[in-house]
Structure formats: structure tokens, C-alpha cells
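Numbering of ligands and ligand atoms starts at 1, following listing order. A quick note: this is a predicted structure, and the numbers were derived from the prediction, not measured.
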Amino acid sequence: MYGGGPELRLNQELILGIGGWRLLGALGIRPEVCHLNEGHAAFAVLERAWVFMQESGQPFDVALAVTRAGNLFTTHTAVAAGFDRFSPELIEQYLGRYAQEKLGISVHELLALGRQNSDDAAEPFNMAYLALRGSGAVNGVSRLHGQVSRHLFAPLFSRWPEDEVPVRHVTNGVHVPTWDSAAADDLWTEACGKDRWLEPTEPLEQDIRRISDARLWELRTAGRQTLIDYIRTQLPRQLAASGRPARVVEGAKTLFDPNVLTLGSARRFATYKRPNLLLHDPSRLLRLLTNPQQPVQLIIAGKAHPADQPGQALIQEWIRFGRRPEARQHVIFLSDYDMLLAEHLVQGVDVWINTPRRPWEACGTSGMKVLVNGGINLSELDGWWAEAYTPQVGWALGDGREHGDDAIWDAAEAGALYDRLENEVIPEFYSRDKDGLPTAWVARMRESMARLTPQFSASRTVREYTEQHYFPAAANYLERAADKGAAGARVVKWQQALDEKWAALRFGEVNVETTGKQHIFDVQIYLDDLDPESVRVELYADGANGGGPVRQEMTRVRPLMGAAHGYLYSAEVPALRPAADYTPRVIPHCPGVAVPLEAAHILWRGRSR
Ligand SMILES: *Cc1c(COP(=O)(O)O)cnc(C)c1O
């Protein structure tokens, strides 16, 4: 995935996007909906439009208007640097002829699809911009990431409030049957039946609450034991392979204690994941791990890209820490983090720790994998955990705000992490009733399993994609494609009229009258010769007191006397807020068309947002 330079990358993406769509065609698969997972696949947008051009005889712009209704773009990165970008020269080299001879558009027009400013000849071609412009809907992968993505794509929607940048979210989920242990599968089957992930997941919450404390604790203990058995076979091999002395290899065969609180953390060692936050104060960590009354064992796994020197150095730090004689029985680093290792870890650990730097973990999924197995999360309030966390289901780090790459903040968070472990996690695990059950711990486990497992399962995610996106996208695509794309052609005509005439639109007088409980706005608007049906006039107010923004449609009352295409618009809003909070605006409107995704014009009265 990460090898080679931009040219290889572009070649891969041509194969993925254009080749991928052709492959489907060759197999006789003609999907109505194409879900673009990240911008890498965005060239599929072009190929799909071209196929429609051939079938319908329509030009590229109409074909794109038809087919994009059936495309959904999911963005995954939380930083603009995560978008693939290519130099205009490279795009021209590989796609110049394709654009001119097949799509019938100029290279300039093609480049414009991947640019913020189509006239900036130096601006690179952004695959995420192409994907957005070629799609009928766009989403991020967690609630917080939706918000971050609206910020990232705001430059394409200038003068629109960030709230209205057309990126929604569908939070990721994990495929639970892949990650549950055999014992967890048995327990869930007993409580919820065999088909639990194929049916609506809402009833599962009640079913899992009925499981007894003892049964839950049994699951947890068995999971921990199985993981330790696995480590006792895996680690000696890893140590022998890296040339460690026979004494160390032998020692690993009896490593760890199945009754000790077991923390796990596994990740790509990218710096934004802060995989070494726990190592911030090595002696404090050591004291926590080696407290004889309440010992802790810690499993770290991870991989860094071979070219990522800082990432490699972070791994070395963990390996060095693990070789300290006092640490040896309490912490191990497992290399070759892959799905098999992940499976063992998520089935066995009591607590999963994740410490990304907010808001750079777009969603994060590794912590979801422990839920079904009764593992509990201790994580930064970022990605999925920012919407999953409540005090009953786990532990949180951070204040729910962004602090950037700040060493002082990192130090404070490391301190908070140690505090949380020392004062909450460890005592709760070791506080037992007369039968040896940690009742508070089991209660937290149960809440985490009951509330979060169904919510962060792929069943819920796929259902949301299907209901919110796939069904509407398919219907919209079929409507636009019917009759050789007649509706698509109307959309293009509408867009062309907006492009030509928008600059001439202007506001006349605005009158506000306040009568008791209402502000009555009368607004004069000159539409030049734009059809009044192709716009919508609104009063807009930013959200106040934590509420969302207000958008009140205005009604066209009558033509203005003596004016060509001048109209009076009127609306009433409650006088709870000052009239000055409301600004009249004109936005594009066309039934079945996504605004501002497909037409980003906007005209505000008297303010240049
Ligand atoms: C789940 C998983 C990941 C992704 O984890 P995130 O928390 O989403 O970063 C990466 N690698 C492996 C092997 C996994 O199993």
C-alpha cells in the first residue's frame, strides 16, 4: 500500500478505479450504487460516467450528473495531508488522452474536478475532491470525524456555514463473528440466539443483561488464560528468532499470571497514535505494574512502516523497557501485529488502551473488537470512543477538545492515564466480594457488552449505510438514468443557468416588523432571469444556546411592481431572538438534487461570510 512514489500510486489508483469498474462490467455486474471507500478509488467516477455516455449518447457532464447520484464517498482521514494528491503533469500524462478522446473534456476540465480553484494551474489534483464531486452523498466514519471532515472540505463550499458542508457520518463497526472467542460465541448464543447479528440488534442489550455475574467473570477468566497460553508459545519463538539467550527464551514459557489484571494495546506505531504515552514516566509505570498487592501485566503489539524511523524508534523504547529486569514479568512487546495476533489479544485482555491524539483517529476499530469478549476500553475521547463513552461502560482520557501536537498536554494526559489506572481501573479489578467476584468490574463489563457491542457492530453500520445511503442512492440514480438520462440533463441545465446568472442576483430592500411574538421579514430579491423555481430563499440564524442553526424558508409573495424578475419574499420567525440574528439568503433548489453538494452557490444579504 505504501511503496513507491506518486507515479506508482497513481497507477495503482487507475487500476483500482478505472480497472475496478471495467472488471465489474466484464463480469456482467452492473451495480446501481458504487461506494467509494476513501479517495483512492475515485477514478471509478470517471469510468462509470464514460460507460453511461456510451449507453446513452449523453455528454460527460450529463453522464456525471446521472451516475454520481449512485455514488457514495466515505472519507477516512482526519487530516488534509491524508488526501492523495497528484501533480497536474502526472494527471495529464496518464489521463490526458482518456479525458479528451473518451470523456470528451479538456485536461483543464478534468483537473478542475480535483481542484478547489479550477484556474490555479499549480494546484495539484486531489482525489478526495474528485470523489466528492463525483458522489451524491459523502460521509465520515464517526460523529466527530464527520465534524472534522466538514472542516476539511469547507474550502469547496465557501460562504456556507461549516455545519452545512455536506458531509454526514456513519460510524464504523466491526464484524463481531470475526473477533469473538469460541467461549464468547457460546455465551452470546446462550443469551441471544444463533442469528443475533443477522437481525435487528436492539433486543440484544436486554438479553445480555440477564447473564449472571459468575458467568461473565468465567468468560473473562477463560479469555485471559487462553491469551496467556498463546503468549507462552508465541513469545519464546519470537525471542529465539531474535537471538535472545536461552535463559530468556525459557523464561517466556512461564511468563505472566492468569489471575493478574491484563492490559493490552496494539496499533500501527504512527506518532499520532501516541503508542508511548504509557511510557512517559517509566518508573511510575513500573511501580504500577509491580505493586505486589495489585500487580498488572501489559501486552503491547505493533508494527511501524519500515521507512518510518520515528515509529521504529518508539517500538525500540518498548523493547528496551521490557528488558529491564524488574519489568520482565509484567510487560511484553509482540512484533508482527496482524489480524491473527489481534484476534488473540482482543479475546484475552481485560482492558484495551488507546491513546491517539484527538481528533486524528478518524474512528478506530481495535477497541470495538474487545467488546464482545468482555474487554473494557480505556481510551482517548476520540473517534468512536467520543460517542461510545459513558462512565458506566469504561474509562475516558482527555477533555474532549483538541490540543494539537503539544508536549505539555501529552505529559498531562500521561499523568491522567496513570491516575486513572492507579485510582480506578486497578482497584476495581482487585476489589472482590466473598465469592471472589469483582462485582463493580463485572457490572462495567456487562454495560459495555450490552450497550456497545451491538452499537459498534458491522450489522448496525451496514444497516445505516443501506437505509441512509444505498437505497436512496439507488433510487435517485435510477430516476436520473431513466430515459437516457433525461433527468440528469435537466440537472445540468439547471446548474448551467445557476452558473451563468448567479452573479447578477441581488437583494433589494429588507423590512422587518416585530409584532408581539413574531418578526416578519419582507425581502425584495432580483433574480435577473433565473427561474424562481430554481432557487430557495431562506432566513438563516446560527445556532444559539447549544441548538442547531435555524433555516426558515421564505415564501414568494408577489412580483415587484415594474421590475422584471423581481419578487417580494416573506417569512415569520419567533421573536425570541433579536431580528438581527437572522440573515436572508438565496440558495440553489432543485427537487432530488443535493444542495450544496451538487451546487454550492449561495448569496447572503449584507454579509460576506
Ligand atoms: C483492527 C486492526 C487494526 C485497526 O485498528 P484501529 O484501532 O482502527 O487503528 C489494525 N491492524 C490490525 C491487525 C487490526 O486487527
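Here's the thing with Lys273: one of its N/O atoms is less than 3.5 angstrom from an N/O atom of ligand 1.
Glu380 has a carboxylate O that lies under 4.0 Å from a charged side-chain N of Arg274, or vice versa, which qualifies the two as a salt bridge. Ion pairing of Arg224 with Asp350 is present here, as a side-chain N (NZ or NE/NH1/NH2) and a carboxylate O approach within less than 4.0 Å. Taking the charged nitrogens against the carboxylate oxygens, Asp207 and Arg196 have no contact shorter than 4.0 Å, which rules out a salt bridge. Under a 4.0 Å N-O distance rule, the pair Arg287/Glu422 does not qualify as a salt bridge.
By the criterion of a heavy-atom distance under 4.0 Å, both the backbone and the side chain of Ser366 are placed next to ligand 1. Residue contacts with ligand 1, taken as heavy atom pairs separated by less than 4.0 Å, involve Asp338 solely via the backbone atoms N, CA, C and O. Contacts between Trp179 and ligand 1, counted as non-hydrogen atom pairs separated by less than 4.0 Å, involve the side chain only. Residue contacts with ligand 1 for Arg268 are absent, since no atom lies close enough (heavy atoms, distance under 4.0 Å).
Residue Trp352 places no heavy atom under 4.0 Å from ligand 1. By the 4.0 Å heavy-atom criterion, Met339 is counted among the residues contacting ligand 1.
Using cut-offs of 30° and 60° for the angle between ring planes, the His344 and Tyr230 rings count as parallel. Ring orientation note: the planes of Tyr465 and Tyr470 are close to parallel, at an angle under 30° on the 30°/60° scale. Between His403 and Trp409, the two ring planes are parallel [angle under 30°; tilted spans 30° to 60°].
Every atom of ligand 1 is numbered from 1 in the order shown, and the set under 4.0 Å from a heavy atom of Ala342 is 15 (O). Against a heavy-atom cut-off of under 4.0 Å, Gly364 is close to the following atoms of ligand 1: 7 (O), 8 (O).
Atom 15 (O) of ligand 1 has Lys369 NZ, 2.6 Å as its closest protein atom, hydrogens excluded (heavy atom only). Nearest to atom 11 (N) of ligand 1 among the protein's heavy atoms is Tyr337 CE2, 3.4 Å. In this structure, atom 4 (C) of ligand 1 lies nearest to the protein heavy atom Thr365 OG1, 3.7 Å.
The minimum heavy-atom distance between Ala154 and Val165, with the atom names listed, is CA-CG2, 3.9 Å.
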